[in-house]
Structures are given as structure tokens and as C-alpha cells.
Amino acid sequence: MGLLPEVDEDKSIENAKEILSSYRRLSRMAGQKLTDIQWPTFDGMPKASSYENRIETKIVDHIDAEAIINNCQQAMSVMNKTSYWVLYYTYFCEPALTHYQIAAKVGYAAGSIDKLKLRGLLEFAEAYPGEKLLVFKD
């Protein structure tokens, strides 16, 4: 055993995938309006009162989404160039590109994109602030 504990690569990669897979949704959440103005509807049925503060919940969700987006961008900024572009084309651009499209853009064979993506996801997990995505072996 060295100075640093051994990283469980598979679990760390899964954590990175989970965060990056939700990036588009989180960016929409961070960019949405904080007020919930809707056209009134009447269906004749009585409504139950809600005891939660919807505006407060939206504000908290907005702030959480912004924090995760900032952490993702910070992690991406320190990654290897190839890993950066593979993850960017997979998770950040709209719409996500296919393996063949990514391969054409980064100059690798389409068959190597999965391997590059796994390497990139591990780099992302290592670079994510606070080591929140890394899982260490016992």
C-alpha cells in the first residue's frame, strides 16, 4: 500500500457517468426561471393544500444545479485534451454525438472511443472537486 489508497476504478467511473448523464438536465434546471407562473386551470375538483414552499424548493434546486455544473466545468478544465473532447461530445453538446461522429472529430478509430471514454470518465472522477466521485478500495 502506497501513500494514496487504491481507487476502485469501476465505481468511480459509474459515479462520473451518473453526474455527466444528468448534466443536460441540470443545465436546464440552472437556467430555468425561478418563478412558476402558469395559466390558471379550472377542473371543478377541490385541491389539497401543499405545505411545501415551491419557490424555496426551486431556488435550492437551482443553486444545487449551478454548483454541480460549475464543478463539472472545473473538472473538465484540467483534463487531458483527448479525454476532454470525448466527454464533451458525449455529455455536453446537444445532441450527443455517436461513436463514429466522435471518432471523426478526435481523430481516433470508432472502436477505441469506448476505451477513451472510460479513461476520460476516470480522469473526470479524479478531477471533480473534493474527490466526491472517487471510491477507494478497502
Side-chain angles (χ1 to χ4, degrees):
M1 179 171 188
L3 288 174
L4 298 175
E6 190 175 351
V7 173
D8 185 333
E9 292 182 1
D10 293 334
K11 290 180 182 175
S12 297
I13 286 170
E14 284 302 314
N15 289 344
K17 276 185 193 177
E18 186 178 320
I19 289 284
L20 289 171
S21 295
S22 63
Y23 184 84
R24 288 184 187 95
R25 181 180 58 82
L26 291 169
S27 66
R28 287 190 299 272
M29 287 174 63
Q32 70 180 271
K33 298 177 194 172
L34 294 178
T35 57
D36 189 20
I37 300 173
Q38 297 179 356
W39 191 261
T41 59
F42 300 100
D43 61 2
M45 298 299 293
K47 301 290 182 204
S49 300
S50 172
Y51 294 106
E52 73 178 36
N53 186 339
R54 290 178 52 199
I55 303 263
E56 181 181 331
T57 302
K58 281 191 166 249
I59 291 171
V60 169
D61 289 346
H62 176 84
I63 291 169
D64 288 345
E66 279 185 337
I68 293 170
I69 288 168
N70 289 337
N71 287 343
C72 287
Q73 291 171 348
Q74 181 180 344
M76 291 289 286
S77 71
V78 297
M79 291 177 55
N80 166 317
K81 182 179 173 182
T82 303
S83 298
Y84 172 91
W85 286 112
V86 169
L87 293 186
Y88 175 82
Y89 291 131
T90 304
Y91 296 104
F92 289 80
C93 72
E94 188 67 41
L97 301 183
T98 65
H99 279 54
Y100 294 106
Q101 292 169 322
I102 295 170
K105 290 195 177 276
V106 297
Y108 282 84
S112 65
I113 296 301
D114 280 329
K115 184 177 177 181
L116 292 171
K117 193 182 297 184
L118 289 175
R119 186 178 78 193
L121 288 166
L122 186 57
E123 280 184 36
F124 180 84
E126 291 169 346
Y128 196 83
E131 296 182 348
K132 293 179 182 176
L133 302 182
L134 287 176
V135 177
F136 298 100
K137 292 181 179 178
D138 294 330

Verify same cluster id: V135, L122 (apolar side-chain graph, 4.5 Å): no

From L116 atom CG to N80 atom CG, the distance as rounded to the nearest 0.5 Å: 9.0 Å

Nearest-0.5 Å distance that lies between atom SG in C93 and atom CG in L87: 11.5 Å

Residue pair W85 / K105, side-chain heavy-atom distance below 4.5 Å: no

Whether S21 side chain and K17 backbone form a donor-acceptor pair below 3.5 Å: yes

Non-hydrogen side-chain atoms of Y128 and C72 separated by less than 4.5 Å: yes

Spacing of CD1 belonging to I13 relative to CG belonging to D8, to within rounding of 0.5 Å: 9.0 Å

Closest heavy-atom pair and its distance - R24, P95: NH2-C, 4.2 Å

From R25 atom CZ to S22 atom OG, the distance as rounded to the nearest 0.5 Å: 5.5 Å

Rounded distance (nearest 0.5 Å) linking atom OG1 of T90 with atom CD1 of I113: 7.5 Å

CA sep, side-chain torsions, deciding dist, call: F136, E6, side chain to side chain contact (heavy atoms under 4.5 Å, CB included): CA-CA 6 Å; F136 298 100; E6 190 175 351; over 6 Å; no

V7 vs K137 side-chain heavy atoms within contact, under 4.5 Å: no

CD-OH distance between Q101 and Y89, expressed to the nearest 0.5 angstrom: 11.0 Å

Residue list, ring-ring contact (aromatic ring centres under 6.0 Å, His included) with Y91, at least two apart or on another chain: none

Same apolar cluster: I63 and I55, side chain cutoff 4.5 Å: yes

Over all atoms of both residues, closest heavy-atom pair of L134 and S12: CA-OG, 3.5 Å

Residues in salt bridge (charged side-chain N to carboxylate O under 4.0 Å, His left out) contact with E18, at least two apart in sequence or another chain: none

For the student: nearest non-hydrogen atoms of A103 and A109, plus distance: CB-C, 3.8 Å

Nearest non-hydrogen partners of L26 and A65, listed with the distance: O-CB, 3.5 Å

Check: Y23/Q73 side-chain N/O donor and acceptor closer than 3.5 Å: yes

Residue pair K11, E14: steps toward the salt bridge (charged side-chain N to carboxylate O under 4.0 Å, His left out) verdict: CA-CA 5 Å; K11 290 180 182 175; E14 284 302 314; over 6 Å; no

Heavy-atom closest contact (P129 atom, Q74 atom, distance): CG-OE1, 3.5 Å

Student check: side-chain heavy atoms of M79 and E126 closer than 4.5 Å: no

Neighbour count >12 (heavy atoms, 6.0 Å) for atom OH, Y100: no

Plane angle bin for F92 and Y88 - parallel if under 30°, tilted between 30 and 60°, otherwise perpendicular: parallel

